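Beneath this line is the structure, given in structure tokens, with notes to follow.
Position 1 is the first residue of the sequence, and the numbers go up from there. Small disclaimer: the values here were computed from a predicted structure and weren't measured.
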Amino acid sequence: MTRYVGSCFFTVFVLFLWRVGDIADACKCSPPHPQQAFCDAEIVIRAKVVGKKVVSNAIKYDIQQIKMFKCPNQVIHAIFTASSPAACGVTLEINKEYLFTGKLETGRMYVTLCGYNPPWEDLSAAQKNSLTHRYQSGCDCKIIRCSSLPCPVSAPDECLWTDWLLADGQSGPQAKYSACLKRSDGSCAWYRGMAPSKK
């Protein structure tokens, strides 16, 4: 009996590890720079989550839209995401405000773990300010991840993102305080705003 119980426990443990590995491998993506997320998104809004409902292999979060930063011709009343983190679904808290960057499909807004959907309170003052102008003006520039210095710059319209490996990838100064913007000569460079640092 003891051997049977031990065997069952071992089988369940192996299945658990397999499932954890499967979940971990199912959704893999590097965090985007807030500006890149803004530029790549079809719609960017600030909203408060007020309800949650499971609908056909997805989760529908009812929201109260507070401000539209991109795609101003549509009021969003709900956002949709995959039903589990393994499928890149986003888990949100009711009665909490977020910044959402997502795509529009058949009139619905969809968000994923691979996007940029932080709680509004986690944004720096510079990030909030950049949502209204700076990020949009830098969409002609490209933000390139650099995992180890030195990193080559292959074109003048590129900015190297050198601190993206810090913490969750979005806590470094280039994410919290910087925007990649065009200079007068057409090249792109990091510009800092509302932060006590040099560049």
Side-chain angles (χ1 to χ4, degrees), residues 27 29-85 87-141 143 159 161 164 166-181 190-196:
C27 184
C29 46
S30 298
H33 187 278
Q35 176 181 325
Q36 198 67 57
F38 179 97
C39 294
D40 291 343
E42 294 176 342
I43 185 166
V44 180
I45 61 173
R46 174 188 177 186
K48 182 179 181 179
V49 178
V50 295
K52 177 181 178 181
K53 184 179 180 181
V54 178
V55 289
S56 60
N57 297 323
I59 295 177
K60 173 188 175 185
Y61 287 101
D62 294 315
I63 62 170
Q64 290 178 348
Q65 181 176 307
I66 298 171
K67 186 175 180 63
M68 176 76 71
F69 297 103
K70 192 174 180 182
C71 189
N73 297 324
Q74 183 174 349
V75 176
I76 303 299
H77 299 287
I79 60 170
F80 295 80
T81 191
S83 58
S84 72
C88 293
V90 177
T91 301
L92 305 171
E93 295 182 30
I94 306 298
N95 294 321
K96 194 166 189 174
E97 291 183 20
Y98 292 85
L99 175 72
F100 293 111
T101 61
K103 303 288 185 183
L104 283 174
E105 297 179 19
T106 61
R108 291 180 172 182
M109 181 177 180
Y110 286 85
V111 296
T112 73
L113 280 177
C114 296
Y116 183 63
N117 308 290
W120 181 256
E121 63 187 15
D122 290 352
L123 296 179
S124 68
Q127 287 173 318
K128 292 175 182 177
N129 181 61
S130 294
L131 288 166
T132 58
H133 175 67
R134 298 179 81 210
Y135 287 161
Q136 182 67 55
S137 66
C139 285
D140 289 335
C141 297
I143 297 174
C159 290
W161 187 11
W164 69 277
L166 295 176
D168 60 357
Q170 291 162 347
S171 297
Q174 285 178 313
K176 297 291 281 185
Y177 306 112
S178 300
C180 179
L181 306 175
W190 289 114
Y191 286 84
R192 301 295 293 269
M194 303 175 75

Problem - Side-chain heavy atoms of Ile143 within contact of Trp190, under 4.5 Å - result: yes
Completion exercise
For Gln127 and Pro34, the nearest pair of non-hydrogen atoms, with its separation, is NE2-CG, 3.5 Å
Practice task
Report yes if the side chains of Leu181 and Ser137 come closer than 4.5 Å at any heavy-atom pair, otherwise no.
Solution key: yes
Practice task
Hey, can you tell me if Phe80 and Tyr110 have their rings parallel, tilted or perpendicular (30° and 60° cut-offs)?
Solution key: tilted
Side-chain atoms of residues 44-59: list all donor-acceptor pairs with protein atoms under 3.5 Å, sequence neighbours left out, distances to 0.1 Å.
residue : atom : partner : partner atom : Å
Arg46   : NE   : Glu97   : OE1          : 2.9
Arg46   : NH2  : Glu97   : OE1          : 2.7

Problem - Donor-acceptor under 3.5 Å (Gln36 side chain, His33 main chain) - result: no
Exercise for the section: Give a yes or no on whether the backbone of Ala78 and the side-chain of Arg108 come within a donor-acceptor separation of less than 3.5 Å. Expected result: no
Problem - Side-chain heavy-atom pair Lys103, Met109 within 4.5 angstrom cut-off - result: no
Handout entry: Minimum heavy-atom distance between Gly102 and Val111, given as atom pair plus value
Key = CA-CG1, 4.3 Å
Handout entry: Heavy-atom side-chain proximity of Leu92 to Phe100 below 4.5 angstrom
Key = yes
Fill in the blank from the handout: dist Trp161:CH2 -> Ser178:OG (nearest 0.5 Å) comes out at 11.0 Å
Problem - Interatomic spacing from CG in Leu131 to CG in Leu99 - rounded to 0.5 Å - result: 5.5 Å
Exercise for the section: Using a cut-off of 6.0 Å, state whether more than 12 heavy atoms not belonging to Lys60 lie near its atom NZ. Expected result: no
Handout entry: Pairwise side-chain contact, Lys70 with Glu42, heavy-atom cut-off 4.5 Å (strictly under)
Key = no
Fill in the blank from the handout: dist Ile76:CD1 -> Ile43:CD1 (nearest 0.5 Å) comes out at 3.5 Å
Exercise for the section: State the OH-CD distance between Tyr116 and Gln35, to the nearest 0.5 angstrom. Expected result: 12.0 Å
Practice task
Provide the closest heavy-atom pair for Thr112 versus Thr81 in the form atom of the first, atom of the second, distance.
Solution key: CA-OG1, 4.5 Å
Handout entry: pair check: Cys114 + Cys29, SG-SG < 2.5 Å
Key = yes
Exercise for the section: Apply the test side chain to side chain contact (heavy atoms under 4.5 Å, CB included) to residues Asp62 and His77: give CA-CA distance (whole Å), side-chain angles for both, the deciding distance (0.1 Å), then the verdict. Expected result: CA-CA 6 Å; Asp62 294 315; His77 299 287; over 6 Å; no
Fill in the blank from the handout: NZ of Lys128 to CZ of Phe69, rounded to nearest 0.5 Å, is 9.5 Å
Fill in the blank from the handout: Between Leu104 and Cys71, the two heavy atoms sitting closest are CD1-SG, 4.0 Å
Handout entry: Residue pair Pro173 / Arg192: nearest heavy atoms and the distance that separates them
Key = CB-NH2, 3.5 Å
Practice task
Check whether the SG atoms of Cys27 and Cys88 are less than 2.5 Å apart, and answer yes or no.
Solution key: yes
Handout entry: Value rounded to 0.5 Å, distance of OH in Tyr98 from CG in Asp122
Key = 9.0 Å
Problem - Test item: Cys139 and Gln136 side chains (from C-beta on) under 4.5 Å apart, heavy atoms - result: yes
